[in-house]
Amino acid sequence: MTRLNWGMIGGGDGSQIGPAHRLAAGLDGLYTFAAGALDHNPAAGRAFGQRLGLAADRAYGDWREMLEGERNRPDRVDLVTVATPNATHYEITKAFLAAAFTSCAKNP
Ligand SMILES: NC(=O)c1ccc[n+]([C@@H]2O[C@H](COP(=O)([O-])OP(=O)(O)OC[C@H]3O[C@@H](n4cnc5c(N)ncnc54)[C@H](O)[C@@H]3O)[C@@H](O)[C@H]2O)c1
């Protein structure tokens, strides 16, 4: 099966659900964790993303930066998980869907 490039928004260091998603996504070998904007604090998100193995240019500080950074890459993420607080899901999910990414919000 085709391996998909997966991105995550939210799920930063110390978050409750982020680790479970990363663990589960790694179980079947079908996802490559390729990009993320993991924290409401941009510096913390960039640093944590790199600690998790993301390339420096794909450990984004903000989901808008991630959208712009991924949009025109040939190896752009195929889908994103939105694991931020609920009130932010609509805006983030709408923006990624409008750019033709697949998006899955936790508790949309
Ligand atoms: N905790 C659970 O057991 C559980 C179970 C099912 C679903 N969920 C859902 O998962 C989502 C996240 O829950 P949680 O418990 O992990 O919350 P959390 O508060 O523990 O973590 C939220 C994470 O999102 C980051 N974040 C906040 N705003 C951001 C933004 N604008 N851009 C990037 N990152 C941002 C925070 O820095 C933090 O790392 C919620 O929608 C929640 O309802 C949680």
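Heads up: numbering here begins at 1 and tracks the sequence. Because the structure is predicted, anything quoted here is derived from the model rather than measured.
The minimum heavy-atom distance linking Ser15 with Gly18 is given by the pair OG-N, 3.4 Å. Leu67 approaches Ala99 most closely through the heavy-atom pair CD1-CB, 3.8 Å. Closest approach of Ala59 to Gln50, counting heavy atoms only: CB-CG, 3.8 Å. Between Thr32 and Arg3, the shortest heavy-atom distance links the atoms OG1-NE, 2.6 Å. Nearest heavy atoms, Met8 versus Gly11: CE-CA, 4.4 Å. Listed here is the closest heavy atom pair of Tyr31 and Ala25: CD1-O, 3.5 Å.
Of the residues listed (Asp39, Leu54, Asp13), the one engaging Phe48 in a side chain to side chain contact (heavy atoms under 4.5 Å, CB included) is Asp13, and it is the only one. Phe96 pairs in a side chain to side chain contact (heavy atoms under 4.5 Å, CB included) with only one of the listed residues (Ile9, Val82, Leu79), which is Ile9.
Under a 3.5 Å cut-off, the side chain of Thr93 and the backbone N or O of His89 do form a donor-acceptor pair.
For the pair Asn5 and Glu70, the minimum side-chain heavy-atom distance is 4.5 Å or more. Contact check for Val80 versus Met66: side-chain heavy atoms found under the 4.5 Å cut-off. Tyr60 places none of its side-chain heavy atoms less than 4.5 Å from the side chain of Arg46. Residues Leu52 and Leu38 form a side-chain contact, since some pair of their non-hydrogen atoms from C-beta on lies under 4.5 Å apart.
Ion pair Glu91/Arg64 flagged as a salt bridge, since at least one NZ, NE, NH1 or NH2 atom sits closer than 4.0 Å to an Asp/Glu carboxylate oxygen.
A side-chain donor from one of Trp6 and Thr81 sits under 3.5 Å from a side-chain acceptor of the other.
Linking Ile, Leu, Val, Met, Phe, Trp and Tyr whenever their side-chain heavy atoms come within less than 4.5 Å leaves Ile92 and Tyr90 in two separate clusters.
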